[in-house]
Amino acid sequence: MPNYWLIKSEPSAFSIDDLARSPDKTTCWEGVRNYQARNFLQAMAVGDFAFFYHSQADPPAIVGIVEVVKAAYPDHFAWEARHKYFDENSSKQNPRWVMVDVRLKTILPAPLSLARLRGVKGLETMELLRKGSRLSVQPVREKEWKCILRLSQSRD
DNA sequence: GCCAACGTTGGC
DNA sequence: GCCAACGTTGGC
């Protein structure tokens, strides 16, 4: 059984269309610099699925589905001195940050906006909808996953 | 641009 | 270990 996740990206930095244009529609998910989010990355397995969410967007929305194609490995950008993701506390001997590889599976026919998701029965306790939630990598319950899939397939 | 809600840092 | 100051995220 796969596990389900949600990963956020600002489309001005990397959008789902950018992912669609990437080689093999695959990218490494670098730059996570939050311990809780990192721990979720480490918990991901090949074959897990994640919603691709556009934050800082108009509107903020779930826009697609990706599949984990490579499990967690060191985020080498943390070792590059002039890189924006550089972290002097991460060494090759003891990497502090990790990334996974994800491949685009589906672009939703219509984005599911945050506003739309709020108030949907069955999503009351979803992390994304929690007040003050900022986690850029978060788990999604199977029940929530299926509920959102159904929403994405209904038209209205 | 504003601001609430976090997370991190560092003095003590 | 506490907590104020600061930095960041992200909706609005």
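- In this structure, A:Glu124 contributes its side chain and A:Gly122 its backbone to a donor-acceptor pair below 3.5 Å.
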>> Using a 4.0 Å heavy-atom cut-off to protein, can you give one letter per nucleotide of nucleotides 5-10 of chain B, 5' to 3': B if the base is in contact, S if only the sugar-phosphate is, - if neither?
In response: BBSS--

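- A distance of 6.0 Å or more separates the ring centres of A:Tyr73 and A:Trp97.
- Atom P of nucleotide C:dG11 and atom CZ of A:Arg118 are separated by 8 Å, given to the nearest angstrom.
- Taking Ile, Leu, Val, Met, Phe, Trp and Tyr as members and joining any whose side-chain heavy atoms lie under 4.5 Å apart, directly or through other members, the hydrophobic cluster of A:Ile16 also contains A:Trp5, A:Ile7, A:Phe14, A:Leu19, A:Trp29, A:Val32, A:Phe40, A:Leu41, A:Met44, A:Phe52, A:Val63, A:Val66, A:Val68, A:Val98, A:Val100, A:Val102, A:Leu104, A:Ile107, A:Leu135, A:Val137.
- The backbone N or O of A:Ser22 sits nowhere less than 3.5 Å from a side-chain atom of A:Thr26 that would complete a donor-acceptor pair.
- Annotation: proximity of residues 3-13 of chain A to DNA chain C (heavy atom, distance under 4.0 Å) is found for A:Lys8, numbered in ascending order.
- Under the 4.5 Å side-chain heavy-atom criterion for ILVMFWY residues, no single connected hydrophobic cluster contains both A:Met99 and A:Val69.
- A salt bridge does not link A:Asp75 with A:Arg38: every distance from a Lys NZ or Arg NE/NH1/NH2 to an Asp or Glu carboxylate oxygen is 4.0 Å or more.
- In this entry the distance linking CE of A:Met126 with P of C:dG11 reads 13 Å, nearest Å.
- In this structure, the side chain of A:Arg116 does not engage the main chain of A:Ala61 through any donor-acceptor pair within 3.5 Å.
- To the nearest 0.5 Å, the span separating OG on A:Ser152 from CD1 on A:Ile62 amounts to 9.0 Å.
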